[in-house]
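Fair warning: this is a prediction, and the values are worked out from it, not measured in the lab. Numbers restart at 1 for each chain; the letters A, B, ... are given by sequence-line order, proteins then strands. Only this structure's heavy atoms are used, side chains among them; waters, hydrogens and symmetry mates stay out.
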Amino acid sequence: MSSDKRELAAAFTPSAIEGPLYKKWLDAGYFTADANSSKEPFTIVIPPPNVTGNLHIGHALDQTLQDCLTRMKRMQGFEALWLPGMDHAGIATQNVVEKQLAQKGLTRHDLGREEFVKKVWEWKAESGGQILGQMKRLGDSVDWSREAFTMDENLSQAVLTIFKKLFDQGLIYRAERIINWCPRCLTALSDIEVEHQDDAGEFVSVRYGDGEQSIVVATTRAETMMGDGAVAVHPDDPRYKHMIGTEVMLPLVNRLIPIIADELVDPDFGTGAVKVTAAHDPNDFEMAMRHGVPFVVIMNEHGVMDGTGTEFDGLDRFEARVAVVAKLKEMGRIVAEKRPYIHAVGHCSRCDTTVEPRLSKQWFVKVETLAKAAGDAVRDGRVKIEPEELAPRYFDWVDNLNDWCISRQLWWGHRIPVWYGPNDEVVVVGPGEKAPDGYTQDPDVLDTWFSSALWPFSTLGWPNNTADVKKFYPTSVLVTGYDILFFWVARMMMFGLFAMDGVPPFHTIVLHGLVRDQYGKKMSKSRGNVVDPLEFIDKYGADALRFTLARGSNPGKDQALAEDWIAGSRNFATKLWNATRFAMMNGATVQGPLPSTETLSDIDKWVLSRLSETTSEYTALLERYEFARACEVIYHFAWDDLCDWYLELSKEAFASGNAAASQRVLGHVLDTLFRLLHPVMPFITEELWTTFTGQETLVIAQWPTADSAHINKKAETLVGELQKVITEVRRFRNDQGVKPSQKIPGRFIAPADVSAYASAMAFLLKLELKDFTPSASVEIGAIKVELDLSGTVDVVAERARLEKDLVTAQKDLKTAEVKLNNEGFMAKAPAEVVKEIKERLVVTTGDIERITAQLAALK
RNA sequence: GGGUGGUUAGCUCAGUGGUAGAGCGCCUCGUUUACACCGAGGAUGUCGGGGGUUCGAAACCCUCACCGCCCA
């Protein structure tokens with residue numbers, strides 16, 4: 001313990017303290033969790049940013065919230081582990097490296113698989129993971145000793161282990177299906193990697209067949225008609241019933257195709273007859289399976305027409321559409337056209353290319369039982385979703401899930417551990433196993449989200465039964481944006497429950513919203529409204545950015561962000577800095593015990609009471625993940641209660657040199673405030689606290705608990721009175737045009753408990769307490785403040801003020817009277833409400849009398 | 001098409017039955033022994049429209065309009 005305090009610089013410069021403090025924390029190892037500790041664990045695994053990524057404002061929000069929780073729990077005495085790491089981000093990363101190759105005129109095929117993957121690793125070592133350094137700027141208290149990467153050796157073992165386990169239980173299978181195919185990335189995509197957009201297309205009605213034996217089908221994809229295997233109608237459609245079972249001639253390729261009946265056809269859509277292109281549409285695929293319709297492939301992997309034996313071969317699918325329609329028009333087969341026709345079209349979430357449904361042999365996870373378990377864990381309360389309003393969205397998804405296509409035709413990722421024998425034998429090779437001689441491995445890799453789904457335990461060392469797994473699994477809280485609820489959260493639930501014998505990967509899922517621009521618009525490069533968190537950190541400090549983001553984070557809700565808001569948070573930091581300087585100048589201290597309550601002034605009692613209330617309210621809000629409200633509470637305590645009132649009301653006492661108790665109280669308040677604020681604003685609180693107390697660090701200091709003995713409603717009421725008196729007199733001075741610095745004679749005619757603080761009030765109000773002849777007065781309820789304006793009162797201003805007050809009071813009186821004269825109200829309203837209204841009636845009646853008398857006296 | 005969230009001060013948003021709030025912005029005054037990144041004072045709302053429930057509705061119910069998101 002040291003009572004020698006260092007000095008605080010006159011101005012707060014975030015950049016001067018942040019780097020050194022973070023280094024100090026790392027050197028001290030405060031963030032390194034101990035698996036052998038006897039403390040109760042608190043675990044968060046970071047949503048791993050893409051290795052290609054930079055810290056964007058969404059990460060800053062996500063990580064601020066996680067750091068808040070981690071730091072609070074650490075101070076509360078938990079063995080806190082916040083585990084950092086990165087995701088290998090299959091397609092995204094491969095695209096980055098391919099782009100670099102393209103600049104040299106090369107493709108990955110020029111290098112070959114092995115060389116290419118080596119190149120990606122090199123890139124990863126050089127420029128991947130910039131975000132890790134950026135996380136340090138933000139102040140993240142992550143345990144760097146446990147940093148993980150989804151392609152790490154151990155995490156890859158986890159992938160092999162779970163793949164084999166799923167396969168052995170029949171939950172992974174290979175099948176030929178219609179999958180989402182990106183003709184640019186040349187890979188399969190899962191359903192959620194497809195984004196639906198409303199595109200302007202065309203809707204054309206084409207006559208198949210001739211004369212009696214003809215039928216008109218409506219389609220948005222005329223170019224695929226060469227792959228048609230049938231025409232389908234609804235079985236009960238009277239228009240077509242007679243044609244079911246017959247055949248029509250398919251134009252362009254002159255092939256006879258059957259007319260089939262299927263419930264899936266909506267008779268009200270288009271002409272009620274649809275073409276069935278089994279190899280190029282998922283719905284058509286389903287119907288084709290039911291009716292034995294042949295699969296006719298007419299496009300290659302690039303989305304180029306191929307194998308139709310027509311003039312259209314070699315045309316891109318979109319060129320082909322135009323050409324086919326033109327040709328049909330020429331043939332007189334276009335019955336109707338609608339253009340533009342706005343409809344939902346799938347796009348690759350990575351490159352925005354229009355997705356092509358493609359018949360292809362891929363690996364799938366059979367999700368039914370896994371998804372059921374994932375849903376049940378939330379349904380039966382083992383896992384909570386915060387805010388719970390978002391739970392239905394989760395159920396909706398896990399309860400209606402299609403099998404998950406997990407193979408990707410990429411080179412960067414976990415290679416599928418399946419080997420094929422010479423006679424198409426299939427062997428899954430688990431960890432430490434070897435494929436038989438002569439077998440070849442499947443060339444594909446797994447969907448990135450396959451390994452991400454293992455993150456909460458693969459990062460802890462699973463499948464080995466490590467001390468970390470034992471200590472830190474299941475994790476406590478998962479904090480992430482609602483936008484990856486499906487991509488990631490649901491899959492971690494499925495795999496976690498499966499791999500960990502039914503133990504879900506986390507207790508609570510905390511979902512936050514997206515950061516938007518100051519007008520609430522989505523940030524995007526094309527809009528040009530993207531902001532860079534690092535610029536803000538440079539300009540305003542990490543604490544200011546963090547506080548702004550936390551303060552804007554209402555559960556599950558998006559937040560708007562403007563530079564002005566961050567400047568406001570910086571101002572708050574500066575305010576704390578200056579208040580601490582002031583406190584130190586005036587002898588605030590943490591030395592010795594807090595004086596007993598009886599010896600304290602009402603002002604001291606009041607601030608301790610407010611501190612106690614704030615402590616419990618703030619802690620409870622943070623524990624409920626109500627970051628915005630928590631920040632609001634602490635902000636107003638610090639700025640309003642502490643700076644605007646307590647420090648001001650104490651100035652006179654400090655100036656008088658007789659304030660030992662207040663010095664200790666103020667020291668306690670600051671000490672507590674810094675502890676409370678530390679999770680949100682770690683840098684400035686650390687700097688202020690260590691300087692002020694002379695102690696080593698806040699990071700592992702104890703979290704404050706509210707002292708209920710400090711709650712003092714009497715002191716709160718009294719200080720409330722003082723505040724009212726001060727505000728009213730200030731207003732009077734202002735209305736009367738008295739300069740703020742001008743001292744005027746004044747005196748308080750008030751009950752003893754208020755009069756006791758006459759000198760404190762006089763100090764603030766620039767009143768001289770001396771004998772004088774009053775020329776004006778201000779009345780606040782039963783309290784009267786007499787003043788000498790040494791001249792005439794500005795009667796016009798004063799009348800205006802009083803008349804305005806009178807109108808307000810009369811309005812309030814009327815409201816109260818109406819209520820009290822209402823029989824229904826008197827009969828049914830709760831007694832306490834009636835009592836309150838009655839009191840209001842008395843008060844407003846008194847106010848009106850007082851104001852009326854003052855107005856009369858002004859004449 | 002099916003869900004779902006929203007509509008409150010100029011802007012961004014809190015507020016789940018008892019006299020409408022915050023931050024920023026705006027107006028006036030101010031070099032008062034922390035802070036002009038500040039202080040003091042002030043202005044600003046038929047709480048989207050309509051109907052209902054209730055003694056009492058921004059809040060609960062119905063309905064309409066508009067905006068957004070998710071899924072197909």
Under 4.0 angstrom between [X] side-chain N/O and [N] OP1 or OP2:
{"X": "K766(A)", "N": "U33(B)", "answer": "no"}
{"X": "K651(A)", "N": "A34(B)", "answer": "yes"}
{"X": "N734(A)", "N": "U28(B)", "answer": "no"}
{"X": "R581(A)", "N": "C35(B)", "answer": "no"}
{"X": "S741(A)", "N": "U31(B)", "answer": "no"}
{"X": "W645(A)", "N": "G39(B)", "answer": "no"}

Counting any heavy atom closer than 4.0 Å, what does [X] reach on the DNA or RNA strands: base, sugar-phosphate only, or nothing?
{"X": "K828(A)", "result": "base"}
{"X": "N400(A)", "result": "nothing"}
{"X": "A827(A)", "result": "nothing"}
{"X": "F763(A)", "result": "base"}
{"X": "F486(A)", "result": "sugar-phosphate"}

Within residues 806-817 of chain A, residues whose heavy atoms come under 4.0 Å of RNA chain B:
D812(A)
Close approaches to RNA chain B from residues 830-846 of chain A, in residue order (heavy atom, under 4.0 Å)
P830(A), V833(A), E836(A), R840(A)
Taking the nucleotide of RNA chain B with the closest heavy atom to each, which residue, L561(A) or R516(A), is nearer the 5' end?
L561(A)
Assign each of T580(A) and D640(A) to its nearest nucleotide of RNA chain B by heavy atoms, then name whichever residue's nucleotide is nearer the 5' end.
D640(A)
[options]: which one has an atom nearest the side-chain heavy atoms of [X]?
{"X": "W639(A)", "options": "A40(B), C38(B), C35(B)", "result": "C38(B)"}
{"X": "T727(A)", "options": "G41(B), U33(B), C37(B)", "result": "G41(B)"}
{"X": "Y635(A)", "options": "G23(B), A34(B), C37(B)", "result": "G23(B)"}
{"X": "L647(A)", "options": "A34(B), C37(B), C69(B)", "result": "A34(B)"}
{"X": "D564(A)", "options": "A34(B), C37(B), C24(B)", "result": "C24(B)"}
{"X": "N822(A)", "options": "C55(B), G41(B), G39(B)", "result": "C55(B)"}
{"X": "Y519(A)", "options": "U12(B), G42(B), A34(B)", "result": "U12(B)"}
{"X": "K575(A)", "options": "A22(B), A34(B), U12(B)", "result": "A34(B)"}
{"X": "F825(A)", "options": "G23(B), C55(B), C38(B)", "result": "C55(B)"}
{"X": "A560(A)", "options": "G30(B), U12(B), A14(B)", "result": "U12(B)"}

Side-chain donor-acceptor contact under 3.5 Å, [X] with [Y]:
{"X": "S662(A)", "Y": "D604(A)", "result": "yes"}
{"X": "Y540(A)", "Y": "E563(A)", "result": "yes"}
{"X": "R731(A)", "Y": "N734(A)", "result": "no"}

Stepwise salt bridge (charged side-chain N to carboxylate O under 4.0 Å, His left out) test for R840(A) and E836(A):
CA-CA 6 Å; R840(A) 201 184 299 160; E836(A) 196 191 309; 3.3 Å; yes
Just do the salt bridge (charged side-chain N to carboxylate O under 4.0 Å, His left out) check on R221(A) and E356(A) with the steps written out, would you?
CA-CA 11 Å; R221(A) 301 208 58 193; E356(A) 187 61 40; 2.9 Å; yes
For the pair [X] and [Y], find out whether any cationic side-chain nitrogen is under 4.0 Å from an anionic carboxylate oxygen.
{"X": "E632(A)", "Y": "R629(A)", "answer": "no"}
{"X": "D396(A)", "Y": "R393(A)", "answer": "no"}
{"X": "R379(A)", "Y": "D399(A)", "answer": "yes"}

Ring-ring centroid check F674(A) W689(A), cutoff 6.0 Å
no
Paired nucleotide for [N] [Watson-Crick or G-U wobble; both distances under 3.5 Å]:
{"N": "A43(B)", "value": "none"}
{"N": "G56(B)", "value": "none"}
{"N": "A36(B)", "value": "none"}
{"N": "U31(B)", "value": "none"}
{"N": "U7(B)", "value": "A65(B)"}
{"N": "G2(B)", "value": "C70(B)"}

Within 45° of the six-membered ring axis of Y635(A) and under 6.0 Å from that ring's centre, is NZ or CZ of R551(A) located there?
yes
For A34(B), does the base pair up with any side-chain atom of E648(A) as donor and acceptor (N or O, under 3.5 Å, distance only)?
yes
Could one point to a donor on the side chain of R570(A) or the base of C37(B) with an acceptor on the other under 3.5 Å away?
yes
Can you give each donor-acceptor pair under 3.5 Å made by side-chain atoms of residues 637-644 of chain A, sequence neighbours left out, with the distance rounded to 0.1 Å?
residue: D640(A); atom: OD2; partner: H636(A); partner atom: ND1; Å: 2.9
residue: D641(A); atom: OD2; partner: R610(A); partner atom: NE; Å: 2.8
residue: D641(A); atom: OD2; partner: R610(A); partner atom: NH2; Å: 3.0

From N586(A) atom CG to K651(A) atom NZ, the distance as rounded to the nearest 0.5 Å
9.0 Å
How long is the line joining CD1 of I684(A) and P of C35(B), in whole Å?
16 Å
Could you give the distance separating G56(B) and U63(B) at their P atoms, to the nearest angstrom?
23 Å
